[in-house]
Amino acid sequence: MSAALARSVSSLRIPNYRRYFAGQVVSLSGNWMQIVAETWLILTLTGSGVAVGIVSGLQFLPMLLFGAWGGSIADRFDKRKLLLVTQALLAIPALLMWGATAGGVITPAMVYGLVLLRGFVTAIDNPTRQSFVIEMVGHGQLVNAVSLNSVIVHSARIVGPALAGGLIATVGVEPCFLVNASSFAVMIWALATMNRSELLSERTRGKRRGGVREALRYVASTPALAIPLGMMALVGTLGFNFPTLVPLLARFSFGGDATTYTLLFASLAAGSVVGALATGARGRTSSGLLVASAAAFGVFALLAAAAPTIALEALALAPMGAASVTFAAGVNSTLQLDADPAMRGRVMALYSVVFIGSTPIGGPITGLLAETLGPRSGLVMTAAAAFVAAIVARWAFRRAREAAASRPEAGRGRALASGSA
């Protein structure tokens, strides 16, 4: 047990990544406090499931539209310096949301606008953070570090909603926004104090024409990248809409309040942490793991859709979270390891577009479906997307391996050769 745990956190031995990890824990917990608060705020202001879906979608709409260009920026500039700028800018919408809410002048339109503003900064920040990890830890520790990043994200889903739920229940939503604004200072400290001589920078300087088109052509011609990215496009759009679906389950399926919402989100996040630690201990990924985790995600989504009580719903959401993070971390690691260093920022921007940027499409679809057929229908849609992704990817990986075998000189992609699907 102790050996497995040591393997699951091995990248924390790297000082720069240890600083980054600490900064992310605080900053992402604050971010989830804000997400919970603004979701509950818009639901309180409007009482509409569609409005909840719009809020979830608007924060990621810029990622959908401009995320690939954000990756081009990440490929051209020093990622650490770029993150110092984006982290500072992300504090501004949180401060404005706090001021408007505390002043009693907040409206749905203001919530939409400030969420959208945050999304524009995130369109640059997210692909930069994704592609910066390998510069801190190198290839050998990348799968472990990506898994630990998932631990951070999903631990924040426990800590953030728990803190937000307590504050909302006692003093209201306003402090959540102020805490989030303050949390960015910790991340800025972590970035500013890194040992720059230990960073493994692989960036390509200078402006390149057609950067986004070049990235699309590159991915399309590389099955080891195109297949995982296609899986994430489908599952990310129709399955990873938890910020929209969970509050609707809490309110309308179980007649709950903010405490119920926090419980369900915490259960989902707890399972995600366990899945991330297991993936980190494994230390590698494969096509078979991607297919199996997508299929498992579908199975547990169906169980969650059928759960008759809050307790059983929480129990079903935990393994669903574990399967989802195993799948997402596997896709993330595969793309980073197989991408050419000069293209990594743009490849990870495409990952961010299909993983996060697809929410403006999937969020409103999930909200509308939940409002017309009930929140459980959103879980059924999640399961269907995961099953289709697993089935099609299994076939595509097999075809790609057969094609590679017939062209030995061109067929040595790690992701296709490792593990069977």
Side-chain angles (χ1 to χ4, degrees), residues 53 150 154 223-246 248-249 253 264 267-268 271-272 274-276 278-279 285-308 312-313 315-335 351 353-359 361-370 372-401 415-416 419-421:
S150 297
H154 297 290
L225 302 176
I227 299 171
L229 199 61
M231 295 177 75
M232 183 54 78
L234 178 59
V235 178
T237 300
L238 300 180
F240 279 65
N241 294 298
F242 307 132
T244 300
L245 193 56
V246 174
L248 297 178
L249 282 168
S253 294
L264 294 182
S267 178
L268 180 72
S272 299
V274 172
T279 302
T285 186
S286 67
S287 59
L289 178 66
L290 299 183
V291 171
S293 58
F297 183 40
V299 169
F300 291 119
L302 283 182
L303 291 177
L312 290 176
E313 184 69 42
L315 287 175
L317 287 176
M320 178 178 161
S324 71
V325 77
T326 300
F327 170 72
V331 172
N332 187 309
S333 299
T334 297
L335 295 178
Y351 169 83
V353 167
V354 299
F355 181 35
I356 297 175
S358 59
T359 303
I361 300 171
I365 290 174
T366 300
L368 181 61
L369 189 65
T372 54
L373 300 178
R376 295 177 189 275
S377 62
L379 289 167
V380 174
M381 180 176 69
T382 294
F387 288 141
V388 170
I391 292 168
V392 174
R394 180 181 173 85
W395 171 82
F397 278 126
R398 182 180 294 117
R399 288 290 300 271
R401 281 196 298 272
L416 298 180
S420 77

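Since the structure is predicted, the reported quantities are computational estimates derived from the model, not experimental observations.
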Side-chain heavy-atom pair Leu245, Met381 within 4.5 angstrom cut-off: no
Phe297 side chain reached by Thr382 side chain, heavy atoms, under 4.5 Å: yes
Rounded distance (nearest 0.5 Å) linking atom CG of Leu302 with atom CZ of Arg376: 12.5 Å
Minimum-distance pair of heavy atoms, taken over all atoms of Thr326 and Gly275: OG1-O, 3.8 Å
Non-neighbouring partners of Leu373 that pass side-chain contact (heavy atoms from CB on, under 4.5 Å), sequence neighbours left out: Leu369, Ser377
Nearest-0.5 Å distance that lies between atom CZ in Arg394 and atom CD1 in Ile227: 13.0 Å
Contact summary for Ala386 and Ala294, nearest pair of heavy atoms: CB-O, 3.2 Å
CG on Leu379 to CG on Leu249, rounded to 0.5 Å: 5.5 Å
Closest non-hydrogen atom pair, Met320 against Ala301: SD-CA, 3.8 Å
Contact check, side chains of Phe387 and Val299, non-hydrogen atoms, under 4.5 Å: yes
4.5 Å side-chain heavy-atom contact, Val331 and Val235: no
Closest heavy-atom pair and its distance - Phe327, Met232: CE2-CE, 3.6 Å
Leu234/Val392 under side-chain contact (heavy atoms from CB on, under 4.5 Å): CA gap, chis, key distance, verdict: CA-CA 11 Å; Leu234 178 59; Val392 174; over 6 Å; no
Interatomic spacing from OG1 in Thr237 to CD1 in Ile365 - rounded to 0.5 Å: 8.0 Å
Nearest non-hydrogen partners of Leu335 and Pro228, listed with the distance: CD2-CB, 4.5 Å
Under 3.5 Å: donor-acceptor pair, side chain of Ser333, backbone of Gly330: no
Check against side-chain contact (heavy atoms from CB on, under 4.5 Å), Ser287 and Arg401: CA-CA 11 Å; Ser287 59; Arg401 281 196 298 272; 3.5 Å; yes
Minimum-distance pair of heavy atoms, taken over all atoms of Tyr351 and Ala328: OH-O, 3.4 Å
